[in-house]
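In what follows, every chain begins at residue 1, and chains take the letters A, B, ... in the order their sequences are listed.
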Amino acid sequence: MKILRVALDVPLDTLFDYSAADQGEIAIGDRVLVSFGRRQMVGVVAEITDHSNLAPGRIKPVLQVFRDSPPLSGEIFRLLRFCADYYHHPLGEVVLNALPVPLRQTKPVARAKPTGYHLTETGLALETDTLPARAIVKRKLLQSLKQAGTLLRSDIAAISPSAPQAIKEFIARGWAEESEEIAEPAPTPAKADDLPPLTPPQEQAVTAILSGQDHFQVWLLYGITGSGKTEVYLRVIAQVLQHGGQALVLVPEINLTPQLESRFRARFPDTCQVSLHSRLSAGERLRNWSLAQSGRARIVLGTRLALFTPMPKLKLIVVDEEHDGSFKQQDGLRYSARDMAVARGKQAGTPVILGSATPALETWYNAGIGRYQKLELPARAIAEAALPAIHCIDISRAKLADGLSDSLIDALRARLERGEQSLIFINRRGYAPVMRCAQCGWVSTCHRCSSRLVVHLREKRLRCHHCGHESRIPPTCPDCGNADLAPLGQGTQRLEDNLGSLFPSARILRVDRDSTKRKQALPEMLERIHAAEVDIVIGTQLLAKGHDFKKLTLVGVVNADGALYSADFRASERLFAQLMQVSGRAGRDALPGIVLIQTQFPTHPLFQALIKHDYPGFAETLLTERKQAEFPPFCHQALLRAEAPQMETALAFLRKAQGVVPQDFDVNLFDPVPAQMTRLAGMERAHLLVQAASRGALQAFLSAWNKALFGLGGNVRWSLDVDPLEF
DNA sequence: AGCACGCCGACT
DNA sequence: GTCGGCGTGCTC
């Protein structure tokens, strides 16, 4: 009897045996419908054997083998298995979470309809002018069909959101019909004479990567903002496309996808390109995923979740801004898309490009020891655009008006007079980070988290930025009844108000998560900045990355010091990267830029390195510190996390976990401690750190320990976090 | 994780 | 007399 070992989306570290009878050919990676307990579930066939350790009576038959979508390829299945092993996470959860939502459901998806359309004789005879002038979409659609011959559904959707409706009407009128077979669009290389010339370092980078096109190699593309990393990606991708391959490009944030997407589309207009990120609807995501799986989509651009997209002709992986923390998932399967991209490249035998101006220390280290190859782009691609001058403003002495020093105000005034733009960077949305009672010292705190409630004055509310809890601003102090409540500190909203009264005629725009909540808000705002309809931009993290504003010549950083007191050993690495990144916003065109950073510690080595634009120097300092402290990358870490309604429950579990430690492993176990964010959404959290000198020792230990932990039970939620970034 | 079974408090 | 609280146990 044929036994299928099936991976199911349950938090159990095991596969489940089912029997298969007359379901025809079954392959690893096939989706199956099975009865599990009292319910039905979708699983994925992980192994096929002819025996089971179970009593035959307990083995249920597979109910159905789905034929609506091709099975997961061996290649992608191997990656998922590696990921499950590396992060010690149940295979079923890993595999099922990699599938688009419709493929996880017990109903088969509608078989993909014919994906192409072409004009009929009648349609071809039709003149665009005969359509009503206001039928813009229909005119465009007709035009495009005439030009291209056949259009894919995705192409049609790209014309306009209403174009899919229009094509139905065309079919109803007999102007168009579905195409039975769609020829692969011939790869058309971009015209060489249109391309911007490469700088010598870019040229070298492209040549180096192309020379190793057919085997695994990690390239660290190290270059400051504006040095032209994207152009290097584009040139390498062009070669990949010409050889019939597929390229996977990962970016840290959804907000960066549209920008890169349009740049790629402009360069490769005839190439099928899809994006994958969490803001797509389930249907779009399935469609794009399937296009990649079939090999039709040649460029896949997306956030970390795009890493698990099946791509049969994968020839290149690019991870842009590889240092960015958002490549690490912070719940469930805590994987690093950057690290798994390297693993995928290794399995597929393709080059992997990690791009950054401030590489993660781990990456820098790997390049230093020769595991990765470093390629450096030293200059800004636009020769006239010099590096911005970075200055620190010592606010331990200068007095501040509403958080702004005189020097910064003067600099802002000068830009306004010259008609140039300024950006004030402040990584705190809301009006003020906390509400405080001047009388008794009460501060607004969240009931469910160990965090402070942020003042949102416009909405007259206090909000927890961790759990989303909201309440009205109390009229008087809840503790002492005094009416002397005041917002303490600066947030984006307050800065907006203050700058408004300082510069009444200036056009000020605030760009943060609150002001860009509406779907199209961010692109519209970016457009206004580009069109020079804004004088002063107040921005958070959101604006730090990737946007290139030609008229922007001043970047002010209001308060950068928080990270300097942080208990997190990676805080200064992140601060440096962040400041380097916002600095890159200044003076990207012909106008020279200046960066003013307000700090209490202007002599701190971090700022000293920043002023010199000296990432390598700063990285060396950090590496020396890490080596002395035996921190990553000089050791390997894992965290056992536990959460429960009571802290004591979580700690008790962790102590028990300490007790079941298997012997003879060369690892170092620390005592359980409460997490830095002790309470979150009503749960108390604690963790236990494991360190090992080698990755192998850590992995061997975790495998054995993980098994023991499953036997522990208890009323806590626990999980392993391999290579943790947050404590 | 679900979803059952299983024994103790306030209700039509 | 029942509805329902969430403890613990299992799922091929």
Side-chain angles (χ1 to χ4, degrees), chain A residues 1-23 26-66 71-72 77 80-81 83-84 87-107 282 305 329-335 640-653 656-657 660 680-685 706-721:
Chain A
M1 183 161 61
K2 191 147 67 171
I3 298 292
L4 307 180
R5 314 213 65 220
V6 177
L8 291 169
D9 189 9
V10 287
L12 300 170
D13 206 16
T14 171
L15 298 171
F16 295 88
D17 295 358
Y18 288 87
S19 62
D22 306 320
Q23 275 98 353
I26 299 178
I28 287 173
D30 265 324
R31 274 156 56 247
V32 289
L33 182 68
V34 295
S35 140
F36 186 70
R38 244 130 291 211
R39 60 210 156 116
Q40 293 194 346
M41 290 186 91
V42 173
V44 174
V45 178
E47 291 167 20
I48 302 174
T49 59
D50 49 14
H51 58 87
S52 167
N53 295 330
L54 246 58
R58 291 187 60 197
I59 299 173
K60 295 182 184 177
V62 158
L63 300 175
Q64 189 186 341
V65 181
F66 291 104
L72 288 175
F77 205 84
L80 292 168
R81 197 181 268 284
C83 191
Y87 292 105
H88 302 274
H89 203 80
L91 181 63
E93 288 194 343
V94 176
V95 172
L96 273 295
N97 281 306
L99 293 179
V101 173
L103 295 182
R104 288 179 230 170
Q105 281 157 4
T106 52
K107 292 237 159 47
L305 61 87
Q329 182 143 75
Q330 290 299 354
D331 55 78
L333 171 66
R334 292 172 174 264
Y335 69 103
L640 174 59
R641 300 173 179 273
E643 57 178 54
Q646 302 295 317
M647 176 55 75
E648 190 39 44
T649 321
L651 288 172
F653 169 82
K656 254 197 297 179
V660 297
L680 186 72
M683 291 291 249
E684 305 265 334
R685 309 149 79 231
N706 191 38
K707 280 199 190 76
L709 291 174
F710 271 94
L712 238 45
N715 35 2
V716 294
R717 291 157 65 98
W718 63 270
S719 64
L720 281 173
D721 185 353

Can you label the angle between the A:W718 ring and the A:F710 ring as parallel, tilted or perpendicular, going by 30° and 60°?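 Rings of A:W718 and A:F710: perpendicular, as their planes differ by over 60°.
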If we ignore hydrogens and angles and just use 3.5 Å, is the side chain of [X] paired with the main-chain N or O of [Y] as donor and acceptor?
{"X": "A:E643", "Y": "A:A650", "value": "no"}
{"X": "A:R5", "Y": "A:V45", "value": "no"}
{"X": "A:N97", "Y": "A:E93", "value": "yes"}

Starting from [atom2] on [N], measure out to [atom1] on [X] and report it in whole angstrom.
{"X": "A:Q40", "N": "B:dA1", "atom1": "CD", "atom2": "P", "answer": "22 Å"}
{"X": "A:L712", "N": "C:dT8", "atom1": "CG", "atom2": "C1'", "answer": "15 Å"}
{"X": "A:M41", "N": "B:dG2", "atom1": "CE", "atom2": "P", "answer": "7 Å"}
{"X": "A:L8", "N": "B:dA1", "atom1": "CG", "atom2": "C1'", "answer": "12 Å"}

Mind jotting down which residue pairs meet the side-chain hydrogen bond (donor to acceptor under 3.5 Å, both in side chains) criterion with at least one end in residues 33-44 of chain A? Sequence neighbours excluded, please.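 Those involving residues 33-44 of chain A are A:S35-A:K60.
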What is the minimum heavy-atom distance between A:A644 and A:T649, and which atoms define it?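 Nearest pair, atom of A:A644 first, then A:T649: CB-CB, 3.7 Å.
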Which atoms of nucleotides 10-12 of chain C (N or O only) lie under 3.5 Å from a protein N or O atom, and what are those distances?
| unit_1 | atom_1 | unit_2 | atom_2 | d |
| --- | --- | --- | --- | --- |
| C:dT11 | OP1 | A:R58 | NH2 | 3.0 |
| C:dT11 | O3' | A:G37 | N | 3.0 |
| C:dC12 | OP1 | A:Y18 | OH | 3.3 |
| C:dC12 | OP1 | A:S35 | O | 3.3 |
| C:dC12 | OP1 | A:G37 | N | 3.3 |
| C:dC12 | OP2 | A:G37 | N | 3.3 |
| C:dC12 | OP2 | A:K60 | NZ | 2.7 |
| C:dC12 | O3' | A:D17 | O | 2.7 |
| C:dC12 | O3' | A:K60 | N | 3.0 |
| C:dC12 | O2 | A:D17 | N | 2.6 |

